[in-house]
Amino acid sequence: MDVLYFAWVRERIGLPKERVETNAATVSDLVAELSAREDRYAAAFADVSALRVALDQELSDFDASLTGVREVAFFPPMTGG
Amino acid sequence: MDVLYFAWVRERIGLPKERVETNAATVSDLVAELSAREDRYAAAFADVSALRVALDQELSDFDASLTGVREVAFFPPMTGG
Amino acid sequence: MRVVVQEDAFDLGAEANAFAAADDTNGAIVTFTGVVRDLATGNLDVMEIEHYPGMTERALTKIAEEAMVRWSLGDVLVIHRHGRLVPGDRIMMVATAAPHRKDAFEAAEFLMDYLKSRAPFWKKEITGAGADWVAAKDEDEDALTRW
Amino acid sequence: MRVVVQEDAFDLGAEANAFAAADDTNGAIVTFTGVVRDLATGNLDVMEIEHYPGMTERALTKIAEEAMVRWSLGDVLVIHRHGRLVPGDRIMMVATAAPHRKDAFEAAEFLMDYLKSRAPFWKKEITGAGADWVAAKDEDEDALTRW
């Protein structure tokens, strides 16, 4: 699936988008898998309460299932307007 | 003093403004005095709860004193905006 | 702060741009524009707006000053027309500029609520069937209790 | 209903005039415009706005549709910029048209509250001292409980 990062999550991880092959069942599983991979992921995901996640461009939750999802995005709380 | 009429009060009384010589102490006294004068005044002032009054261009009450007042205006509730 | 009472049409866009151009300390700009609505029957020919010259300017200025005192505002604009208007014409506008959006919104609603019931304007609707003065609505008077 | 996400500047006045020109059934038109404010220190050079192409349009459309369902509205407009802006630049605007002013005001506030916390935009402030992502405010999240 495609994993996208925005704002300081993008800066901390060092890239805006990547293709991830995973069997993670939920968003939290994916976060754990990425965090175990490299320090920069662990740093970005250290406090998930400070993060938001979107599945296929809809806001979702960290315990949501990834079944059938093609695009996951992680970012901080929005600050538009 | 100058007495002004607006909207349907003006139409009912038949003039926008007149000079009135009076010793009326309050707005209510002035209303009674005008109403006694002619039917068209009595008709316009029949229900003062449907009217508003301004003294020297400030909204006021029917029991307000007319001492020192130069301009009295009678009109229905406003409908601006 | 600017209060304008005029018979002529005003340009909403030009007024909004000029109002918003003022500075970069007010992050929030709200405008409200009132438009002459046609009647439910769709046969309004003319909306005539009478006012009380002198008192109108005083009342609007007082309301605008009150808004500046109650909310943290950078600027306030009030424009109100009188005379003969037709459906689709813009009757009036208010604009508020504030550092924060809550102040800009609340102040604009306050201005509208007070302007409706405390500024000396009276509307008359003229149709083929005759002319009728618009009656004040209880809900407009009730709206003032919010402030 | 129109939702626009663009890098280019927009003309508030032209947009307001075009939006208000639509018809004579909506007596009330409200606009909100967000302007890049300078910092308290007065040294903001650039405000960079990042967004999530695709999701941004979906989120704004969903919020605008929700407003059309909740209030009696004739029309809704949302414009939001992204990219590099400087103090005084207009970031975004919303506009609502309704038969009654209460609907127009409430819907505009609703649009702003949701757009602030539910549309994927992120602001970064760049000064001579460096760059900082703007933190979301608890009060913006709290504002949603009103609706």
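Each chain gets a letter, A, B and so on, in the order the sequences are listed, and its residues count up from 1. Computation of the quantities below employed the complete heavy-atom set of this structure, encompassing side-chain atoms and omitting hydrogens, waters and symmetry-equivalent molecules.
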Notebook entry, point to check: Would you find more than 12 non-hydrogen atoms of other residues, nucleotides or ligands less than 6.0 Å from C:Lys62 atom NZ?
Noted result: no
Checklist line | Side chain, backbone, both or neither of D:Ala108 within contact of chain C (heavy atoms, under 4.5 Å) | finding: both
Checklist line | Distance, nearest 0.5 Å, that separates CG of C:Asn17 from OG1 of D:Thr33 | finding: 9.0 Å
Next item on the list: With chain D as the partner chain, list the residues of residues 69-106 of chain C whose heavy atoms fall under 4.5 Å from it, by residue number, and write 'none' if nothing qualifies.
Entry: C:Pro87, C:Gly88, C:Arg90, C:Pro99, C:His100, C:Arg101, C:Phe105
Next item on the list: Could you check which of D:Glu109, D:Lys116, D:Met112 has the highest count of heavy-atom pairs closer than 4.5 Å to chain C?
Entry: D:Glu109
Note to self: If I measure from the heavy atoms of chain C, does D:Thr25 come under 4.5 Å with its side chain, its backbone, both, or neither?
What the structure shows: backbone
Notebook entry, point to check: When heavy-atom pairs shorter than 4.5 Å are enumerated against chain D, which of C:Leu44, C:Asp11, C:Leu12 gives the highest number?
Noted result: C:Leu12
Margin query: Counting only non-hydrogen atoms closer than 4.5 Å, does D:Val36 touch chain C with its backbone (N, CA, C, O), its side chain (CB onward), both, or neither?
Written below: backbone
